[in-house]
Novice: 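I am attaching a structure below and will ask some questions about it afterwards.
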Amino acid sequence: MSFPLLTATAVLPAVGALATAAVPAAQRTAAKWLALLVSLGTLVLAIVVLVRFDPGGARYQLTESHAWISDFGVRYELGVDGIAVALLALTALLIPFIILAGWHDADPLETGSKRWRPTQGFFALILAVEAMVIISFEATDVFLFYIFFEAMLIPMYFLIGGFGDRAHAGSDENAAAQRSYAAVKFLLYNLVGGLIMLAAVIGLYVVAGNFSLAEIAQARANGSLHMATSTERWLFLGFFFAFAVKAPLWPLHTWLPNAMQESTAPVAVLITAVVDKVGTFAMLRFCLQLFPEASKWATPAILVLAVISIIYGALLAVGQRDIKRLVAYASISHFGFIILGIFAMTSQGQSGATLYMVNHGISTAALMLVAGFLISRRGSRLIADYGGVQKVAPVLAGTFLIGGLATLSLPGLAPFVSEFLVLVGTFTRYPAIGIIATFGIVLAALYTLVLYQRTMTGPVKPEVSAMSDLRARELVVVTPLIVLLIFLGVYPKPVTDIVNPAVKQTMSDVHKTDPKPAVEAAK
């Protein structure tokens with residue numbers, strides 16, 4: 001039997017979470033180092049998966065299949081295509097930086113405080129989320145995917161509610177109430193989506209008799225699976241609703257600003273750069289593959305919702321006074337672009353959407369983590385409490401600027417390529433939608449540059465005059481992310497070579513081909 005590489009990538013952080021949680025209370029530093037080493041080990045395994053994956057090979061590779069609940073057709077089936085490999089690598093890459101950035105976020109509070117921040121629990125929960133996200137990307141059994149799609153809500157709930165941002169205006173009681181509200185809202189929104197999806201999962205089993213993606217696809221191909229149009233549409237809506245909550249798509253987005261505002265910066269990155277990607281990934285893997293006709297039927301409505309997300313998120317980001325809420329609304333706008341690319345039903349759009357998932361994860365991590373370093377120094381999330389930071393902390397201001405420029409998709413930085421592909425792919429099939437979505441770029445430039453101007457330029461405020469620049473640990477976190485943003489902005493081919501074959505197969509699933517140019521090229 002070959003080594004179960006995919007299982008190992010999920011088991012290692014899961015075991016690491018248990019081991020970290022078991023470290024004695026007095027050994028906080030040991031728990032941090034253990035969590036970091038486990039995350040680095042997971043990254044090594046992810047790199048091995050990346051190296052062994054053949055973009056020109058079978059659709060799902062490194063597959064594993066074992067009987068699990070045979071009476072109900074449930075199997076432990078894993079496999080990765082190019083899209084899953086790219087997102088698995090992104091997850092494994094970001095977790096070590098998240099751990100390093102949050103090195104002191106769960107340290108005990110001052111002597112006499114009524115609350116104790118269990119350091120071991122904080123890092124164990126991060127590793128648990130990593131394990132569940134990874135296996136969600138790998139699962140090719142719908143029921144197996146559903147279990148971990150829902151299970152990741154539990155550690156995220158405790159990370160949001162139990163380890164809030166210390167830069168909270170007001171009393172400890174008010175801060176705890178705000179964290180509790182954000183955590184419960186996150187949990188309820190996603191649980192409702194998950195319960196609706198569970199009904200659809202049961203319906204899929206009734207129709208197909210099993211949960212295997214491969215078997216269902218084969219049954220469709222040979223004509224042995226017949227699904228009524230109305231049934232397919234209802235099942236699609238059940239799956240899509242859950243994924244749209246997770247993504248998040250307007251109007252199911254309202255949990256995200258609260259969750260990111262009340263979380264520590266590393267946990268905010270975990271939410272929007274890692275966990276939320278499961279929703280958009282699942283739209284490609286499950287909605288389009290399992291319900292191709294229903295996906296085409298729902299496309300016009302979804303494109304409208306995506307455009308609303310783009311413009312609405314960007315407009316609200318412009319008016320924010322809180323740095324974290326601004327990044328949250330910017331992410332809602334960016335997820336609108338991703339969903340727009342997926343349902344444009346063109347190869348450029350879907351390649352751009354997949355690339356956008358990767359690039360958004362890197363750019364949001366860079367911007368939010370630097371913002372977290374900034375907030376920890378000043379003790380405030382409010383934009384108005386800053387000014388002139390670039391004069392006292394030029395490296396911090398410079399990295400903040402690069403992260404912001406990536407957020408507005410400046411040419412030469414990674415998100416530009418993906419956003420360009422999404423817009424081109426959309427315009428070739430839906431020109432009016434593509435034109436409207438373009439206004440999101442203008443608004444992104446507005447909220448990003450205004451944020452930088454109000455926080456980093458102008459007279460130095462007395463409260464920031466003694467602010468220190470980035471320290472060695474913080475530079476270790478930020479520098480690789482900045483390098484990746486520049487490298488993938490100039491040379492995105494390593495990622496597109498991996499995802500493009502999977503995109504072509506997805507296009508084949510929904511029986512779509514790219515529109516022919518209106519004007520043929522001159523011969």
Side-chain angles (χ1 to χ4, degrees), residues 83 236 240 243-244 247 249-251 253 280 283-284 287-288 291-318 330-357 359-360 407-411 413-447 489 492 496 499-500 502-523:
I83 300 170
F236 168 85
F240 180 80
F243 303 151
L249 177 68
W250 184 91
H253 67 283
T280 46
M283 292 178 188
L284 280 165
C287 286
L288 269 61
F291 315 111
E293 295 304 319
S295 297
K296 290 185 285 187
W297 163 75
T299 287
I302 294 172
L303 292 179
V304 170
L305 294 178
V307 169
I308 293 174
S309 285
I310 292 169
I311 305 301
Y312 172 87
L315 282 173
L316 265 65
V318 171
S331 290
I332 291 168
S333 181
H334 296 149
F335 274 103
F337 277 108
I338 294 171
I339 296 170
L340 183 69
I342 292 172
F343 284 91
M345 300 294 183
T346 61
S347 58
Q348 299 100 324
Q350 291 189 357
S351 293
T354 305
L355 187 60
Y356 212 139
M357 291 187 226
N359 293 337
H360 173 264
T407 298
L408 65 82
S409 298
L410 183 77
L413 296 176
F416 168 76
V417 181
S418 43
E419 198 163 281
F420 178 78
L421 286 172
V422 166
L423 290 172
V424 168
T426 303
F427 187 84
T428 57
R429 197 180 292 278
Y430 304 99
I433 294 289
I435 291 170
I436 297 171
T438 305
F439 285 100
I441 301 175
V442 179
L443 294 171
L446 180 60
Y447 64 68
T496 56
V499 303
N500 282 345
V503 165
K504 290 180 180 179
Q505 291 168 327
T506 303
M507 290 283 290
S508 176
D509 289 335
V510 293
H511 310 294
K512 282 282 190 177
T513 57
D514 290 329
K516 293 183 179 180
V519 179
E520 294 291 339
K523 296 182 180 179

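Worth saying up front: this structure is predicted, and the values here are computed from it rather than measured.
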Novice: Which pair of non-hydrogen atoms, one from Val503 and one from Ser347, has the smallest distance, and what is that distance?
Specialist: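 Where Val503 meets Ser347 most closely, the heavy atoms are CG1-O, 3.8 Å.
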
Novice: State which residues pass side-chain hydrogen bond (donor to acceptor under 3.5 Å, both in side chains) with Ser351; sequence neighbours excluded, sorted by chain then number.
Specialist: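 Once residues adjacent in sequence are excluded, the partners of Ser351 under the side-chain hydrogen bond (donor to acceptor under 3.5 Å, both in side chains) criterion are Asn500.
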
Novice: Any chance you could measure Thr346, atom OG1, to Met507, atom CE, to the nearest 0.5 Å?
Specialist: 6.0 Å

Novice: Using the side-chain hydrogen bond (donor to acceptor under 3.5 Å, both in side chains) criterion, which residues pair with Ser418? Sequence neighbours excluded.
Specialist: Asn359

Novice: Which value, rounded to the nearest 0.5 Å, describes the distance between Leu249 atom CG and Ile302 atom CD1?
Specialist: 8.0 Å

Novice: Test: side chain to side chain donor-acceptor pair (under 3.5 Å). Region: residues 428-439. Which pairs qualify, not counting sequence neighbours?
Specialist: none

Novice: Looking at Tyr447 and Ala444, what are the two nearest heavy atoms and their distance?
Specialist: CE2-CA, 3.2 Å

Novice: List the residues meeting side-chain hydrogen bond (donor to acceptor under 3.5 Å, both in side chains) with Glu293, not counting sequence neighbours, and say none if there are none.
Specialist: Lys296

Novice: Of all the heavy-atom pairs spanning Ala353 and Val422, show the shortest one and how long it is.
Specialist: N-CG2, 3.6 Å

Novice: Report the distance from atom CD of Gln350 to atom CG of Leu421, rounding to the nearest 0.5 Å.
Specialist: 12.0 Å

Novice: In chain order, what residues pass the side-chain contact (heavy atoms from CB on, under 4.5 Å) check against Ala437, with sequence neighbours excluded?
Specialist: Ile310, Phe337, Leu340, Leu423

Novice: Nearest heavy-atom pair of Ala330 and Ala317: which atoms, and what distance?
Specialist: N-CB, 4.1 Å

Novice: Please examine the side chains of Ile435 and Phe427, heavy atoms only from C-beta on, and report whether any two atoms are closer than 4.5 Å.
Specialist: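 Touching, per the 4.5 Å side-chain cut-off.
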
Novice: What residues form a salt bridge (Lys or Arg N to Asp or Glu O under 4.0 Å) with Lys504, not counting sequence neighbours?
Specialist: none

Novice: As an exercise, state the distance from CG of Leu284 to CD1 of Ile83, rounded to the nearest 0.5 Å.
Specialist: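 The CG atom of Leu284 sits 4.5 Å away from the CD1 atom of Ile83.
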
Novice: Kindly write out the residues that satisfy side-chain hydrogen bond (donor to acceptor under 3.5 Å, both in side chains) with Tyr356, not counting sequence neighbours, or none if the list is empty.
Specialist: Glu419

Novice: Just jot down the ring pair (Phe, Tyr, Trp, His ring centres under 6.0 Å) partners of Phe240, sequence neighbours excluded, or say none.
Specialist: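 By the ring pair (Phe, Tyr, Trp, His ring centres under 6.0 Å) rule, Phe240 matches Phe236, Phe343.
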
Novice: Closest heavy-atom contact between Ile332 and Gly313?
Specialist: CG2-CA, 4.4 Å

Novice: Please report the interatomic distance CG(Leu443) to CG(Leu408), rounded to the nearest 0.5 Å.
Specialist: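 So the CG of Leu443 and the CG of Leu408 are separated by 11.5 Å.
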
Novice: Any side-chain heavy atom of His334 within less than 4.5 Å of one from Thr407?
Specialist: yes

Novice: Do Ser295 side-chain atoms and Cys287 backbone N/O form a donor-acceptor pair below 3.5 Å?
Specialist: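 Looks like yes, one N/O pair under 3.5 Å.
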
Novice: Taking only residues two or more places apart in sequence, or in another chain, which ones meet Thr280 in a side-chain contact (heavy atoms from CB on, under 4.5 Å)?
Specialist: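 By the side-chain contact (heavy atoms from CB on, under 4.5 Å) rule, Thr280 matches Ala247, Lys277, Phe335, Ile338, Ile339, Ile342, Met357.
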
